[in-house]
Amino acid sequence: MDVLGLETLLQDIAPPFQQDFLSALVKEGFEITRGIPNLQLPQEIEDSIGWLADARFGDTWVRLHRVLAHAAVDGTLVDLSFGAGGS
C-alpha cells in the first residue's frame with residue numbers, strides 16, 4: 001500500500017495555505033495526529049475541504065487537487081499524522 005505522508009503533502013503546498021488546509025481538515029472532522037498513522041482516502045479529503053477552492057488560494061488549490069487526484073487514481077492513502085512516516 002502506498003502512503004502519502006502529511007509532511008510530504010504539506011511541502012507541496014504554499015506556506016500561507018498550509019495552516020488553512022490543516023484548519024479545514026480539523027473543521028471537517030479529520031484528526032491530525034502525532035506519530036500514530038491516520039490513513040485517509042485522498043478523495044474523501046478533497047470532497048470534504050473542496051470549499052477551499054473558493055478561497056484566495058486558486059493556484060495552490062489546483063496543485064493540491066492534482067496531488068490528491070493522482071493519489072486517488074494510484075490507490076495511495078494520505079496519512080494525516082506528523083512523524084509517522086509515509087512517502
Side-chain angles (χ1 to χ4, degrees):
M1 164 183 16
D2 289 327
V3 176
L4 176 61
L6 185 59
E7 288 99 342
T8 302
L9 183 61
L10 289 176
Q11 75 186 15
D12 293 331
I13 297 175
F17 186 57
Q18 290 177 5
Q19 189 58 46
D20 285 354
F21 171 71
L22 293 171
S23 295
L25 287 172
V26 170
K27 180 179 179 176
E28 294 298 332
F30 291 94
E31 185 176 356
I32 308 298
T33 59
R34 288 230 176 253
I36 300 169
N38 180 5
L39 302 178
Q40 302 292 328
L41 294 170
Q43 189 62 50
E44 285 183 6
I45 292 171
E46 184 172 1
D47 289 347
S48 296
I49 65 167
W51 51 269
L52 281 175
D54 296 332
R56 63 187 185 277
F57 301 109
D59 290 341
T60 302
W61 172 258
V62 170
R63 284 191 297 278
L64 175 63
H65 162 75
R66 287 181 184 144
V67 169
L68 292 173
H70 184 71
V73 168
D74 287 348
T76 299
L77 297 175
V78 177
D79 187 352
L80 295 180
S81 67
F82 286 102
S87 56

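We use all heavy atoms of the structure for the numbers below, so side chains are in, but hydrogens, waters and symmetry mates are not.
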* Asked: Just one of Asn38, Ile32, Ile36 clears the side chain to side chain contact (heavy atoms under 4.5 Å, CB included) bar with Phe82, so which one?
  -> Ile32

* Output the distance between atom CD (Glu28) and atom CG (Leu52), rounded to the nearest 0.5 Å. => 8.5 Å

* Asked: Atom CD in Glu46, atom CD in Gln40: separation rounded to 0.5 Å?
  -> 14.5 Å

* **Flag side-chain contact, heavy atom, 4.5 Å: Trp51 against Lys27** => yes

* **Test side chain to side chain donor-acceptor pair (under 3.5 Å) applied to Arg63 - qualifying residues, sequence neighbours left out** => Thr60

* To do: For residues Ser81 and Gly35, report the shortest heavy-atom separation together with the two atoms involved.
  => CB-N, 4.4 Å

* Should Leu41 and Leu77 count as side-chain neighbours, where that means a heavy-atom distance under 4.5 Å? -> yes

Could you tabulate the donor-acceptor pairs under 3.5 Å formed by side-chain atoms of residues 19-26, not counting sequence neighbours?
{"residue": "Gln19", "atom": "NE2", "partner": "Ser23", "partner atom": "OG", "Å": "3.3"}
{"residue": "Ser23", "atom": "OG", "partner": "Gln19", "partner atom": "O", "Å": "3.0"}

* Asked: Do Leu80 and Leu39 have side-chain heavy atoms sitting under 4.5 Å apart?
  -> no

* Asked: Can you tell me if Gln18 uses its side chain to pair, donor with acceptor, with the backbone of Ile13 under 3.5 Å?
  -> yes

* Residue pairs fulfilling salt bridge (Lys or Arg N to Asp or Glu O under 4.0 Å) with at least one residue in residues 67-76, sequence neighbours excluded -> none

* Donor-acceptor pair, side chain of Thr8 and main chain of Leu4, under 3.5 angstrom -> no

* Side chain of Asp79, backbone of Leu6: donor and acceptor closer than 3.5 Å? -> no

* Begin from the C-alpha positions of Phe30 and Val78 and carry the test side chain to side chain contact (heavy atoms under 4.5 Å, CB included) through to its verdict. => CA-CA 12 Å; Phe30 291 94; Val78 177; over 6 Å; no

